[in-house]
Asks: 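Before we start, here is the structure in question, set down as structure tokens.
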2 protein chains.
Amino acid sequence: MHESTDIFSAIADPTRRSILEMLADTDSLTATEIYDRYPVSPQAISRHLKILREAKLVMVEKKAQQRIYRINPSAMAELENWSMGLRKRWNRRLDVLEQVLDEEWDKTKGNSESEE
Amino acid sequence: MHESTDIFSAIADPTRRSILEMLADTDSLTATEIYDRYPVSPQAISRHLKILREAKLVMVEKKAQQRIYRINPSAMAELENWSMGLRKRWNRRLDVLEQVLDEEWDKTKGNSESEE
DNA sequence: CGACTATTTAACGAATAATTTAATTAACCG
DNA sequence: CGGTTAATTAAATTATTCGTTAAATAGTCG
């Protein structure tokens, strides 16, 4: 049973974010091409790639001994939705507040048609 | 000198995300109101709140001994922008690729006006 | 097959993060 | 002031994460 890392923990690490940014600008990269761009050991990067894979933030294609990595834009969208969702809920909340204030205003005018 | 936690590490923790979600639906909450909703000690939550504060994800207002917490929607936008930016770069990359293919197509037709 | 290439997994130490209990700060109220 | 309430910081502990070196897997090529 493969343990899946959540998307939020995955992007918490700056190296992993950097890999994602790199992949956003490059069609695809093999593991070694990624290794070469970082001062840490290939093994360390391999672990980062595993975490990104588990979070579905990247996808892999096998080609001979090589692993070709590609970003997964739909997973990026998921992250975007979380933050957007919070903002929207916050805004809706403000709308509701506004409505309540409007209703209060109506009541002071003796014009109360509002239902529970 | 106050150390500032980055937004990505801040939202990596599920308890902190939960607090943010709570605050997105509620105008504001005092520290104790937040404490009461979690099984961990108030001190643990207090530390989480500190991290959210440092990441500017929440804002605090003092009222007597109480600290009133509110979400900061503009900080949420920052996160949104990061993921959106990556998606856009990925899409732009696809556009560029398309353009290159178009140019190649032109060349095969002997119509090469493109500069390096 | 045996050597080589690409990449991952394993084992382990060091650094960092989360949680707990204890102590501290700060504002209120009689 | 002295006691109480609200919240934070400090110290200690445990858990998790990150990086390293060493070993393993898997595919290629002569």
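Throughout, protein chains are lettered first and strands after them, A, B, ... in sequence-line order, and every chain is numbered starting at 1.
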Asks: Holding to salt bridge (Lys or Arg N to Asp or Glu O under 4.0 Å), I want the full list of residues that pass it with A/Asp25, two or more places apart in sequence or in another chain.
Replies: B/Arg89

Asks: Measure the distance from CD1 on B/Ile11 to P on C/dA18 and round it to the nearest whole Å.
Replies: 13 Å

Asks: Under 4.0 Å from a heavy atom of chain B: give me the 5'-most and 3'-most nucleotides of DNA chain D that qualify.
Replies: D/dT5 to D/dT9

Asks: Going by heavy atoms in the side chains, are A/Arg17 and B/Trp82 under 4.5 Å from each other?
Replies: yes

Asks: Between side-chain atoms of residues 40-52 of chain A and protein atoms elsewhere (two or more places apart, or another chain), which donor-acceptor pairs fall under 3.5 Å?
Replies:
| from | atom 1 | to | atom 2 | distance (Å) |
| --- | --- | --- | --- | --- |
| A/Ser41 | OG | A/Ala44 | N | 3.2 |
| A/His48 | ND1 | A/Arg16 | NH1 | 3.0 |

Asks: Using whole Å, what does the distance between atom P of nucleotide C/dT19 and atom NZ of B/Lys50 come to?
Replies: 16 Å

Asks: State which residue, out of A/Leu20, A/Ile11, A/Leu23, A/Leu57, fulfils the side chain to side chain contact (heavy atoms under 4.5 Å, CB included) condition with B/Leu86.
Replies: A/Leu20

Asks: Does B/Thr30 reach a base, just sugar-phosphate, or nothing at all? Heavy atoms under 4.0 Å.
Replies: sugar-phosphate

Asks: Just the atom pairs and distances: protein N or O near nucleotides 26-30 of chain C's N or O, under 3.5 Å.
Replies:
none

Asks: Does a nitrogen or oxygen in the side chain of A/Tyr69 sit under 4.0 Å from OP1 or OP2 of C/dA6?
Replies: no

Asks: Can you measure B/Phe8 atom CZ to C/dA17 atom C1' for me and round it to whole angstrom units?
Replies: 19 Å

Asks: Heavy atoms only, 4.0 Å cut-off, all strands: where does A/Ala44 land among base, sugar-phosphate and nothing?
Replies: base

Asks: Using whole Å, what does the distance between atom C1' of nucleotide C/dC12 and atom CD of A/Gln43 come to?
Replies: 14 Å

Asks: Rounded to whole Å, how long is the line connecting atom CZ of A/Arg47 with atom C1' of C/dC12?
Replies: 12 Å

Asks: Please give, in whole Å, the distance from C/dT8 P to A/His48 NE2?
Replies: 13 Å

Asks: Taking only residues two or more places apart in sequence or in another chain, which ones pass ring-ring contact (aromatic ring centres under 6.0 Å, His included) with B/Tyr35?
Replies: none

Asks: Can you check side-chain contact (heavy atoms from CB on, under 4.5 Å) on A/Asp13 and B/Phe8, steps first, answer last?
Replies: CA-CA 8 Å; A/Asp13 183 275; B/Phe8 296 100; over 6 Å; no

Asks: So which heavy atom on B/Trp90 is nearest to which on A/Thr26, and how close?
Replies: CZ3-O, 3.8 Å

Asks: Any donor and acceptor pair, going by atom type alone, linking the side chain of B/Asn72 with main-chain N or O of B/Met59 inside 3.5 Å?
Replies: no

Asks: For B/Val60 and for A/Ser9, locate the closest nucleotide of DNA chain D by heavy-atom distance; then report the residue assigned to the nucleotide nearer the 5' terminus.
Replies: B/Val60

Asks: Provide the full list of salt bridge (charged side-chain N to carboxylate O under 4.0 Å, His left out) pairs with a residue in residues 64-82 of chain A, sequence neighbours left out, each pair given once.
Replies: A/Asp27-A/Arg70, A/Glu61-A/Arg70, A/Glu80-B/Arg87

